[in-house]
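Report on the following structure.
Here the structure is a predicted model, which is why all the values come from computation and not from measurement. Numbering starts at 1 and runs along the sequence shown.
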Amino acid sequence: MIISRILFTGKWLFSGGEVIDNFALVAEDGLITWVGEAKELASSDFEIQKDLGERYITPGLIDSHVHLLSYQLPNVNQSNDTAFQAENICRGAWQARQLLRAGVVACRDLGSTNGYALGIREAVNKGYIKGPYTVAAGRVICATGGHGNSIGLQCDGVDQVIKGVRQVVKEGADLVKIMASGGVNSPGPEPGPAELTFAEIKAAVDAAHALGRKVAAHAHGNTAIRHCVEAGVDSIEHGVYLSEDIMTLMVTKGIYLVPTLSAPYYAVAMGLKKEPNNPDHAESKAVLERHRAAVLKSGRMGVKIAFGTDVGSPYNPFDRAAYELVLMVEAGFKPSEALTAATQVSADLLGIDDKYGTLQVGRKASFLSFNRNPLEQIEVMVGEKDIYWDGQKVSL
């Protein structure tokens, strides 16, 4: 039964694939049933008509790499303190709201302490709290003592990795996140050294795929990235030390790259100011330009680039998630390429392209409204905006 039928009209709309001037968009019960040039819409009566005037409309953003519960906890030894746990979960709910405020209508959480983001996902998706539609990995799979162990299930050897994958899926994970490498400043034979073996990575991929789950791989170093791509992961997260031969293989296998340019940017822009002697932030500064060059080269070679911010990492703010678009353009992408990565490509990666990512018939009427053209000035995406969720303007 149709509850509401809304006609939106306005000056300009980017559908995710094309620009439509003087557009009309019809939403029924939150779903788009018609979109195109207003002059092509047959006259009809609508319960509600909303003229958006001179504003510019884009699909809502999809962030493919977030940590809703800020995995850098103040003190992990407090994790058995129920009051601390409750506070952290409430903070996660607040941060989900901040992410929606930034224009993100769907996101993928890639790791949280005790898998708490699975509960945030349920609360958001059931409408208990305001935030983006969420898919979540729960706890990550990592080596004992390895990178991300505070949010992970620590596994050593093929058998433990297989059991670990099955365990996080049992706990409710929508996908599996593996920590294949350390960070850019981790000790080892190369920057971002491998922490899981090829056999462990392949076991994780096979076990996850057998259960119908995609695999996202945290991988900075060249060896770790190579192992992940050869093993058939679905996305490489970060990919700082990518080389051209790996990029070629990623194109052949259809593997996505989620660059998270915001993570090193904010580590440098904010982290070094507050912690000038922190070696992790200093290393982020050292790899900043190399990372951007590798991402641009990947895109030019045909690697599918998705939008991800790593918000929740140190000094990386939820309410400015859209700044990743600015960083992509500064790296050399066109505004239209960056915006497509943040909508259509990310929706494909998350497997939610039947709901989000484009403004076309059958998709959610979830979109953003701006007072300037973001394809002419991408910084517009970070500023003032109206957010519509299922055809209704969101108050935050």
Under a 3.5 Å threshold, yes or no: a donor from one side chain and an acceptor from the other, between Tyr256 and Glu237? no
Quick one: does any side-chain atom of Arg97 pair with a main-chain N or O of Ile129 as donor and acceptor, under 3.5 Å? no
Salt-bridge criterion met for Arg121 and Asp174 (N-O under 4.0 Å): yes
Work out which heavy atom in Ala322 is nearest to a heavy atom in Leu61; give both atom names and the distance. CB-CD1, 3.9 Å
Who passes side-chain contact (heavy atoms from CB on, under 4.5 Å) against Ala231, sequence neighbours left out? Phe198, Ile201, Lys202, Val205
With sequence neighbours left out, write down each residue that passes ring-ring contact (aromatic ring centres under 6.0 Å, His included) with Phe370, or none if nothing qualifies. none
If the condition is side-chain hydrogen bond (donor to acceptor under 3.5 Å, both in side chains), which residues does Gln154 pass it with, not counting sequence neighbours? none
Between Ser15 and Thr358, is any side-chain donor less than 3.5 angstrom from a side-chain acceptor? no
May I ask you to decide whether Arg226 forms a salt bridge with Asp245, counting only side-chain N to carboxylate O separations under 4.0 Å? yes
Is there a side-chain hydrogen bond (donor to acceptor under 3.5 Å, both in side chains) between Thr260 and His65 once you walk through the steps? CA-CA 7 Å; Thr260 69; His65 191 133; 5.5 Å; no
Does Met301 have any side-chain contact (heavy atoms from CB on, under 4.5 Å) partners at least two apart in sequence or in another chain, and if so, which? Glu244, Met247, Thr248, Lys297
Counting only heavy atoms not in Glu330, do more than 12 fall under 6.0 Å of its CD? yes
Can you tell me if Lys253 has over 12 outside heavy atoms packed within less than 6.0 Å of its NZ? yes
With sequence neighbours excluded, what pairs up with Pro191 under the side-chain contact (heavy atoms from CB on, under 4.5 Å) test? Tyr241
Could you tell me whether the side chain of Glu324 and the main chain of Phe307 form a donor-acceptor pair under 3.5 Å? no
Taking side-chain hydrogen bond (donor to acceptor under 3.5 Å, both in side chains) as the cut-off, I'd like each qualifying pair that reaches into residues 123-140, sequence neighbours left out, listed once. Arg139-Glu171
Check the side chains of Asp310 and His67 for a donor-acceptor pair under 3.5 angstrom, ignoring hydrogens and angles. yes
Strictly distance-based, threshold 3.5 Å: is any side-chain N or O of Asn373 a donor or acceptor partner for the main-chain N or O of Leu375? yes
Are Ser181 and Glu195 linked by a side-chain donor-acceptor pair shorter than 3.5 Å? no
Residues two or more places apart in sequence or in another chain: which of them pass salt bridge (Lys or Arg N to Asp or Glu O under 4.0 Å) with Arg166? none
Any side-chain donor-acceptor pair under 3.5 Å between Gln49 and Thr9? no
Would you say the side-chain atoms of Glu200 pair up with the backbone N or O of Val158, donor to acceptor, closer than 3.5 Å? no
Aromatic plane relationship, Phe14 with Trp12 - under 30° parallel, 30 to 60° tilted, over 60° perpendicular: parallel
Would you say Ile62 and Val104 make side-chain contact, with heavy atoms under 4.5 Å? no
Pairs touching residues 149-171 that satisfy ring pair (Phe, Tyr, Trp, His ring centres under 6.0 Å), sequence neighbours left out: none
Salt-bridge contact Arg372-Glu379 (side-chain N to carboxylate O under 4.0 Å): no
Would you say Ser243 and Asn222 are linked by a side-chain donor-acceptor pair, where the criterion is simply a distance under 3.5 Å? yes
Results of side-chain contact (heavy atoms from CB on, under 4.5 Å) for Asp234 - residues two or more places apart only: His209, Lys214, Val215
For Thr340, check side-chain hydrogen bond (donor to acceptor under 3.5 Å, both in side chains) against everything at least two apart and list the hits. none
Looking at His218 and Ile236, would you say the former's side chain and the latter's main chain have a donor-acceptor pair under 3.5 Å? no
Is there side-chain contact between Ser64 and Leu350, with at least one heavy-atom pair below 4.5 Å? yes
Ignoring hydrogens and angles, write down the donor-acceptor pairs under 3.5 Å from the side chains of residues 380-396, residues two or more places apart or on other chains.
from   : atom 1 : to     : atom 2 : distance (Å)
Glu384 : OE2    : Arg55  : NH2    : 3.1
Lys385 : NZ     : Met381 : O      : 3.0
Lys385 : NZ     : Gly383 : O      : 3.0

Any residue meeting side-chain hydrogen bond (donor to acceptor under 3.5 Å, both in side chains) with Thr144, in chain and number order, not counting sequence neighbours: Asp156
